[in-house]
Amino acid sequence: MNRLIHDIKRSHRCGSLREADIGIEVVLMGWVHNRRDHGGCVFVDLRDREGVTQVVFDPEVDKEAHALSGDLRAEWVIGVVGKVRSRGGNVNPKIKTGAIEVAAVRLEVLAKAKPPPFPIEEEIDTSEETRLKYRFLDLRRPGLQRNLILRHQFNQVVRRTLDAEGFLELETPFLIKSTPEGARDYVVPSRVHGGKFFALPQSPQLFKQLFMVSGFDRYFQIARCFRDEDLRAERQPEFTQVDMEMSFISPADIQAVVEKILVEAWRALLGVELPTPFQRLSYDEAMARFGVDAPDLRFGLELNDLSDTVRAVGFKVFADTVAAGGVVKALNLHGTGDWSRKDLEELEEFVKPYGAKGLAWIKVKEDGSWQGPVAKFFKPEEQAAVAAKLSLAVGDTAVFVADRAKVAHAALGNLRKHVAKKRNLIPKGTFRFCWVTEFPLFEYDDETQRYFAAHHPFTAPQPEHVEAMVKDPGRVKAQAYDIVLNGIEIGGGSIRIHDSVLQQRMFEALGIGEAEAKAKFGFLLEALQFGAPPHGGLALGVDRIMMLICGTDSIRDVIAFPKTQKQTDLMLDAPARLDPAQLAELSIRVAGDKG
RNA sequence: GGGGUGGUAGUUAAGUUGGUUCAUAACGCCGGCCUGUCACGCCGGAGGCCGCGGGUUCGAGUCCCGUCCACCCCGCCA
C-alpha cells in the first residue's frame, strides 16, 4: 500500500501552480477539500497549508483514476499525479490557482477519513467547545494556519534581530522553586524528595539577572511562562514571552532594541512601516488622561479632572468626595446628546463592577442649558467652568465619577474604551504604540494593609527616590516601563537592583524579613555581592502581540493548543486524576476532591 | 469566589401562553442520477437522553430548583 509515496516525491504544494506551469507533470499530496461528481468528470479541490488546487478526474484522460475518484470523501488524504492544464473559459477568480487544473493520471488514497464534526472552512460558527475538542481539525482551517505561520515568522524576526544586536539565546530551567508574591505557582511534586515540590517559572526573571552577573551581557529567550490565575480572552495559564536582559544600560537602550524588533516584525509580517521612536508618557500622565496604565491612543475621549472645579458645588456627592481626598473625573462623550436615559443607565451598569457607586451625567441642550438629574446643583458660573474644562458644546453628554482616584480611573478608563467601541471611534487596522514609564515602585493593598511590589521586588527605584523607600513608599517611582499597543500591555520591564544592600532594603520595605529574604532569595542576594553589573531588561508577550498582528480578539486563536477558561484541555481531557500507585510514589495523599 | 450569555440531529439554528403540523429547517452524512463544476445540480433516505439530576403538572424542549460544560466580564494576574 501507499506505493506512490515511495515511487515519487511531491513536486508542488497546492497553492503554487499558475498558468506558467501549464503542460508540466506534477505530483500533489493533500486533503480532499471538496468533491464534485458529475458522473463523467469528478472535480476534487485538493488542499494543503499553501492553498487549494482543482484536480480533474476525466475518464478520457485516465479511466482507472476516474473510477477510483468516485469513492473519495472530504478530508481523505490523497496523492495525485497529473498534468497541469488550462481551465479555458472556466477560470475561478476566487483562488490563486484558479486559472489551472491538474488532470489526474494516477490517484492513490494515502488515508481515509471519517466525516469531520465541523466543516474545514475559513468561516465557521461551530462552538469553541467542539473546536477545542478536535483542535487538530480546527488547526486545518486556513485562518488558524495563517496565524501560526505568522507566529513562526515573528519568532524568526526576534531571533534574527536579537542575534544581530549581540544577544545570546540561553535556556533556563522549568523546574524551579516557588517564591512568595506574584501569581500562584504551578507546582510539580518531587518523587525523590517526597513532600517537596518544584514550581514552574512565572518568568525566567531571576535566571536572566544571574546571567548578567555571570557576564553574558545580553541574553534572550523565547520562554514559556506559567501562572495559575483565572483566565481572560487575552490570558492563558501558560504563555510565551520574549525574555531579554542587558548589562550596562539605561531604559532607553532596551527600549531601542524592543522598537527594532517590533518595527522589523511589522515590516516582515504586515508590510507596515512603524514610525519611531514610539510615544512616551509617564504612568501618572497615562492614569490622569486615560484612567488606565495601558492607554489606547487610537481615539480621543480623554478624562478630565474636575476636582478643583466642583469642590464647592451644591452636589454633595462631588463636594464630599473631594473633601475626603477623592477625585471627580469626567468624560465628554462628544455628540451623544441623542442617547436615551436607558443608554446612560447602561453606561452606569458598565461602570459599577469597577467599584463606582454611580455615574452622574448632564446633556447640553440646544439653548446651551443643562439637562440631567445633577444639572440643578450647578450655578451658572460653575456650569461655565465645567463646560470650559470639558470643552462642552451643544449636543454633548458628559459623564462624571466621584470616588477615590483608583476607582474613578478604573471606571472611566474602561468606560472610555467601551464607548469608543460602541460608537465605532476606533480606526481599523491602525497600530498605536506607546511606552508608559516611571511606574510606582510600590502599590498599596487595601486587603492586607501593606505595600507590595508593583512590578516585582527586583525593580530599581528612580535614583532620587531611594531615600523615600521606607519613609514614603507610595511616592517612590520605579525605573520600570511598559510597552503598550492599542490599549493592551504587550511587554514590560525595568532596570534591576544590582546592589545587595539596596535589594535588602527593598525586601525590608516589602515587609520581607532578613531570614525570609535569605531563605527565598539568598542566591540572588549572594550573587549581587560578587560583582553584579548594572542591568535591566524587558519581556514581550508573544501571544498578545500575535493577537494584535492577526487581528483577533482571542489569545486562543494564536496558540496551537490552548486551554479553556476553566484551565482544562478538552482534547487531552487534562488535568486528570493520578492512579494511587503514582500518588504513593510521589508521597501525595489527595485531601480534597472538587470532582 | 461573584455577575452575565449560551447548551435542541454530526454542525448551526427555529421552537409562541406548557397541550398529536412538537420534536423542525439548513448544511453535513448515506444511496441513486448527472461531462465543466468550483456553495455544482436533481431524486430518495437515515439520523434525537431537547447538557445532566430533581421538582411542579393530567401533561415539560417550554415553568421552578440544583448541577455540569463553553464563552465574556469583576476579583485575581509581583
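FYI, side chains are in, hydrogens and waters are out, and symmetry mates aren't considered; it's all heavy atoms of this structure. Each chain gets a letter, A, B and so on, in the order the sequences are listed, and its residues count up from 1.
In this entry B:G18 has no Watson-Crick or G-U wobble partner, no candidate having both defining distances under 3.5 Å. Across the strands present, B:A60 finds no partner; the criterion is a Watson-Crick or G-U wobble pair with both atom distances under 3.5 angstrom.
Straight-line distance between the C1' atoms of B:U12 and B:G47: roughly 16 Å, to the nearest whole Å. One C1' atom belongs to B:G48, the other to B:U11, and the distance between them is 14 Å to the nearest Å. Taking the C1' atom of each, B:G10 and B:G28 are spaced 7 Å apart, rounded to whole Å.
In this structure, A:K563 pairs ionically with A:E238, as a charged nitrogen and a carboxylate oxygen lie closer than 4.0 Å. Taking a cutoff of 4.0 Å between a charged side-chain nitrogen and a carboxylate oxygen, A:E345 and A:K342 do not qualify as a salt bridge. Salt bridge status for A:R131 with A:D138: present, with a side-chain N to carboxylate O gap under 4.0 Å.
Ring orientation note: the planes of A:F211 and A:Y219 are tilted relative to one another, at an angle of 30° to 60°. Note: A:F507 and A:F521 have parallel aromatic rings, judged against thresholds of 30 and 60 degrees for the angle between ring planes.
Here B:C77 is the nucleotide among B:C38, B:C30, B:C77 with the atom lying nearest to any side-chain atom of A:A183. Comparing B:C76, B:C34, B:C72 by their nearest atom to the side chain of A:D37 picks out B:C34. Distances were taken from every side-chain heavy atom of A:S127 (C-beta onward) to each of B:C77, B:U12, B:G36; the shortest belongs to B:U12. The side chain of A:D125 approaches B:U12 more closely than any other nucleotide in the set B:U12, B:C71, B:C74. Considering only the side chain of A:H38, B:U35 comes nearest among B:G75, B:U35, B:C73. Listed nucleotides: B:G1, B:G36, B:U35. Nearest to the side chain of A:E60: B:U35. Picking from B:C40, B:A39, B:A70 the nucleotide with the shortest atom distance to the side chain of A:R36 gives B:C40. Side-chain atoms of A:C41 lie closest to B:G36 of the nucleotides B:G36, B:C77, B:G31. Among the nucleotides B:C73, B:C29, B:U37, the one closest to the side chain of A:A233 is B:C73. The nucleotide whose nearest atom lies closest to any side-chain atom of A:T130 is, among B:U37, B:C77, B:U11, B:U11.
Looking at heavy-atom distances under 4.0 Å, A:R73 makes contact with sugar-phosphate atoms alone, never a base.
Rounding to the nearest 0.5 Å gives a distance of 5.0 Å between CD of A:E50 and CZ of A:R13. If you take NZ on A:K421 and CG on A:D296, they are separated by 9.0 Å, rounding to the nearest 0.5 Å. If you take CZ on A:F198 and OG on A:S178, they are separated by 12.5 Å, rounding to the nearest 0.5 Å.
With hydrogens and angles ignored, no donor-acceptor pair under 3.5 angstrom links the side chain of A:R556 to the base of B:C71. One can find a donor-acceptor pair under 3.5 Å joining the base of B:C77 and the side-chain atoms of A:R235.
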Show me the protein contacts with nucleotides 2-7 of chain B, counting only N or O atoms at under 3.5 Å.
none

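Taking the side chain as every heavy atom from C-beta outward, A:E60 and A:H66 never approach each other to under 4.5 Å.
Judged by centroid separation below 5.5 Å and plane tilt below 30°, A:F118 does not stack onto the base of B:U11.
Using a 4.0 Å cutoff on non-hydrogen atoms, no part of residues 408-419 of chain A comes near RNA chain B.
Pairs passing the salt bridge (charged side-chain N to carboxylate O under 4.0 Å, His left out) check and including a residue from residues 491-513 of chain A, sequence neighbours excluded, read A:E245-A:R496.
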